[in-house]
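In what follows, a structure is listed as structure tokens, so that the remarks can point back to it.
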Protein chains: 2
Amino acid sequence: MNVMNASPRRKELTRLAAQLFVQEGFDRTTVRMLAQEMGIKSGSLFHHFKDKQEILAAVIEEGTQNALTIARNALNECSAEPEVRLRTMARAHLETLFTDRNAHVVALFEWRRLDDVARAHLSHLRDAYEALWVAVIDDALEARLIHGDRFLVSRFVLGALNWTVRWYDPNGSRSPDDLADEFVAMIMPSPA
Amino acid sequence: MNVMNASPRRKELTRLAAQLFVQEGFDRTTVRMLAQEMGIKSGSLFHHFKDKQEILAAVIEEGTQNALTIARNALNECSAEPEVRLRTMARAHLETLFTDRNAHVVALFEWRRLDDVARAHLSHLRDAYEALWVAVIDDALEARLIHGDRFLVSRFVLGALNWTVRWYDPNGSRSPDDLADEFVAMIMPSPA
DNA sequence: TATTCACACTAGCGCTTGCTTGGTTACTCA
DNA sequence: TGAGTAACCAAGCAAGCGCTAGTGTGAATA
């Protein structure tokens, strides 16, 4: 059953599942479709995952865990200047969003399909990630780089950035970093 | 079959469908659930709608049409001052989003479930609505109220505002108008 | 060599799905 | 009064769903 292991095989299957979940949506993705994409029969799928729900949870956990790690590292490696930290966080956010796009689209738009247990578990991960954001925004507010209510600002910022998955074209002329910089410039009173 | 009529009965059924689609998601909402909510049997549902897809299209059409009308009226009735127009548009957006919340959540998050024909038809409506936004943002940019690339700014703005459906609590202390004003203040260099 | 294990298979159960069919009821209006 | 029609119902079909049971196989382990 491999309830909670992270074998390379399982990781690969999780990656494929993420892709299908994005393409079709979780509900429309059948275990038979998943199996075919993985090159096995539908029955064999349940050797790797307890049930379909667990595949969804695995996809989201993987993505969120990565985002958290990357953001933490990025913040550790950059200076303490609020403006730099704000830009760094925005860049890290979009970088993760697009290098691990499938997993994050699933996390953002299929979250509600998680059962209660998985949701409770993954909420902690997500909260830890958002806490990084709130801290960075607090500093930026205190330094008067931006203005507004701390709660509202963080919601607006995350909304604007997350929504990019709906329209951003990775093959276009702008890099995720460009996008992040332009966004930070937009909400900062003084144009860079 | 009533292919494209808009009888009061059908409107009421559409409203109920929107609610269920939000609660459960389109795919998980069965025709039997819809019928029960409407107080009829599942077979009777197909007297009002050709198929399940058409119910989804009706929900989204209704919502988008309303948003367009409300935004147009609001812009017609307000002054030509770019700042006022920006605030007006933001207020109209959030006002519609929360008075007709179900339909808009469906439009935002179940768009991909539309078949090609419906999507092509509804795209025009949505584009017309977004065109209003782009015009308002262009004026605001020219007046130097805000700064940045016109394309990016409009995407970021719409993203931040649309994302509010994910966290805004209508029973909280803030009204949608407050929210709109705070948002506009956030992206404008000079605090009001 | 014997045993275990990961991984895959076949076959299909029990159930739900969207939708159809054939018919009934209640109301409107000439 | 009787034709037309909008609205509904009971019954059920064909397809597809998640998932299980039982089995086979080749590689690692004892």
Side-chain angles (χ1 to χ4, degrees), chain A residues 1-60 106 110 112-119, chain B residues 1-60 106 110 112-119:
Chain A
M1 287 291 176
N2 282 328
V3 177
M4 263 301 164
N5 82 355
S7 67
R9 181 80 176 128
R10 188 172 145 128
K11 270 209 168 177
E12 172 65 5
L13 298 183
T14 304
R15 208 184 51 79
L16 288 170
Q19 190 188 333
L20 261 181
F21 288 164
V22 169
Q23 244 172 64
E24 306 287 331
F26 176 71
D27 291 322
R28 286 174 108 88
T29 305
T30 70
V31 293
R32 286 167 180 82
M33 292 165 65
L34 286 165
Q36 187 170 37
E37 194 75 13
M38 297 165 177
I40 56 179
K41 300 292 172 180
S42 70
S44 312
L45 213 158
F46 295 92
H47 170 72
H48 301 278
F49 302 93
K50 186 177 122 260
D51 53 23
K52 197 185 164 192
Q53 276 281 332
E54 198 182 275
I55 310 180
L56 178 62
V59 167
I60 296 182
V106 171
E110 307 285 357
R112 303 183 32 205
R113 301 287 156 252
L114 290 167
D115 60 43
D116 292 343
V117 181
R119 184 153 47 222
Chain B
M1 286 289 178
N2 282 328
V3 178
M4 264 300 165
N5 81 356
S7 66
R9 181 74 176 135
R10 186 172 146 128
K11 270 210 167 175
E12 171 65 7
L13 298 182
T14 303
R15 208 184 51 81
L16 288 170
Q19 190 188 333
L20 261 180
F21 287 163
V22 170
Q23 243 172 65
E24 307 287 329
F26 176 71
D27 291 323
R28 285 176 108 88
T29 304
T30 68
V31 295
R32 285 166 179 81
M33 292 163 66
L34 286 165
Q36 186 169 40
E37 194 74 13
M38 297 165 178
I40 57 179
K41 300 294 171 178
S42 70
S44 312
L45 215 159
F46 295 91
H47 170 73
H48 300 279
F49 302 92
K50 184 176 124 261
D51 53 23
K52 197 185 163 191
Q53 276 281 332
E54 199 183 275
I55 310 180
L56 177 62
V59 167
I60 296 182
V106 171
E110 306 286 358
R112 303 183 34 208
R113 301 287 156 251
L114 288 168
D115 59 43
D116 292 343
V117 181
R119 184 153 47 223

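Computed from a prediction, not measured in an experiment: that's the story for all the values here. Protein chains get the first letters and strands the later ones, always in sequence-line order, with residue 1 at the start of each.
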(message) Using whole Å, what does the distance between atom P of nucleotide D/dC17 and atom CG of A/D27 come to?
(response) 12 Å
(request) Give A/T30 one of three labels, base, sugar-phosphate or nothing, depending on what nucleic acid heavy atoms sit under 4.0 Å from its own. (result) sugar-phosphate
(message) Please report the distance, rounded to the nearest Å, between NZ in B/K52 and P in D/dG16.
(response) 16 Å
(request) Return the value, rounded to whole Å, for the distance between atom CZ of B/F49 and atom C1' of C/dG18. (result) 15 Å
(message) Just the rounded figure in Å: distance from P of C/dC7 to CD of A/E12.
(response) 14 Å
(message) Once side chain to side chain contact (heavy atoms under 4.5 Å, CB included) is applied, do any residues pair with B/A17, and if so which ones, sequence neighbours excluded?
(response) B/F21, B/L34, B/M38, B/I55, B/V59
(request) Can you measure from CZ (A/F26) to CD (A/E110) and round to the nearest 0.5 angstrom? (result) 7.5 Å
(request) Report the residues that fulfil side chain to side chain donor-acceptor pair (under 3.5 Å) with A/D51, sequence neighbours left out, ordered by chain and then residue number. (result) none
(request) Go through the structure and list residues passing side chain to side chain donor-acceptor pair (under 3.5 Å) with B/E24, not counting sequence neighbours. (result) none
(message) Quick one: does any side-chain atom of B/Q53 pair with a main-chain N or O of B/D115 as donor and acceptor, under 3.5 Å?
(response) yes
(message) D/dC8, OP1 or OP2 - any side-chain N/O from B/H48 closer than 4.0 Å?
(response) yes
(request) Give a yes/no on whether any side-chain N or O of B/H47 is located under 4.0 angstrom from OP1 or OP2 of D/dC8. (result) no
(request) Could you tell me which residues satisfy side chain to side chain donor-acceptor pair (under 3.5 Å) with A/R32, sequence neighbours excluded, listed by chain and number? (result) none
(message) For the CG atom of B/L16 and the CD atom of B/E37, what is their distance to the nearest 0.5 Å?
(response) 6.0 Å
(message) Can you see if the side chain of A/S44 gets near the phosphate of C/dC9 - specifically, an N or O under 4.0 Å from OP1 or OP2?
(response) yes
(message) Using whole Å, what does the distance between atom P of nucleotide D/dG18 and atom CZ of A/R113 come to?
(response) 14 Å
(message) Under the rule for salt bridge (Lys or Arg N to Asp or Glu O under 4.0 Å), what residues qualify as partners of A/R119, not counting sequence neighbours?
(response) A/D116
(message) Do A/V22 and A/Q19 have side chains that approach each other closer than 4.5 Å (heavy atoms only, starting at C-beta)?
(response) no
(request) Check DNA chain D against residues 14-21 of chain A and give the residues with a non-hydrogen atom under 4.0 Å, in numerical order. (result) none
(message) Without decimals, in angstroms, what is the distance between B/L45 CG and C/dT17 P?
(response) 14 Å
(message) Angle between the two end axes of the helix from C/dT1-D/dA30 to C/dA30-D/dT1, five base pairs per end, rounded to 10 degrees?
(response) 10°
(request) Return the value, rounded to whole Å, for the distance between atom CZ of A/R28 and atom P of D/dG18. (result) 13 Å
(request) State, to 0.1 Å, how close A/A58 and A/R10 come at their nearest heavy-atom pair, and which atoms those are. (result) CB-NH2, 4.0 Å
(request) Taking side chain to side chain donor-acceptor pair (under 3.5 Å) as the test, write out the residues that go with B/R15, two or more places apart. (result) B/E12
(message) Using the salt bridge (Lys or Arg N to Asp or Glu O under 4.0 Å) criterion, which residues pair with B/R28? Sequence neighbours excluded.
(response) A/D27
(message) Just the rounded figure in Å: distance from P of C/dC9 to CZ of A/F46.
(response) 14 Å
(request) May I ask you to verify if any side-chain N or O of B/R9 is less than 4.0 angstrom from the OP1 or OP2 atom of D/dC8? (result) yes
(request) Mind running a 4.0 Å heavy-atom check of residues 31-43 of chain A against DNA chain C and sending the residues that fall below it, in number order? (result) A/R32, A/I40, A/K41
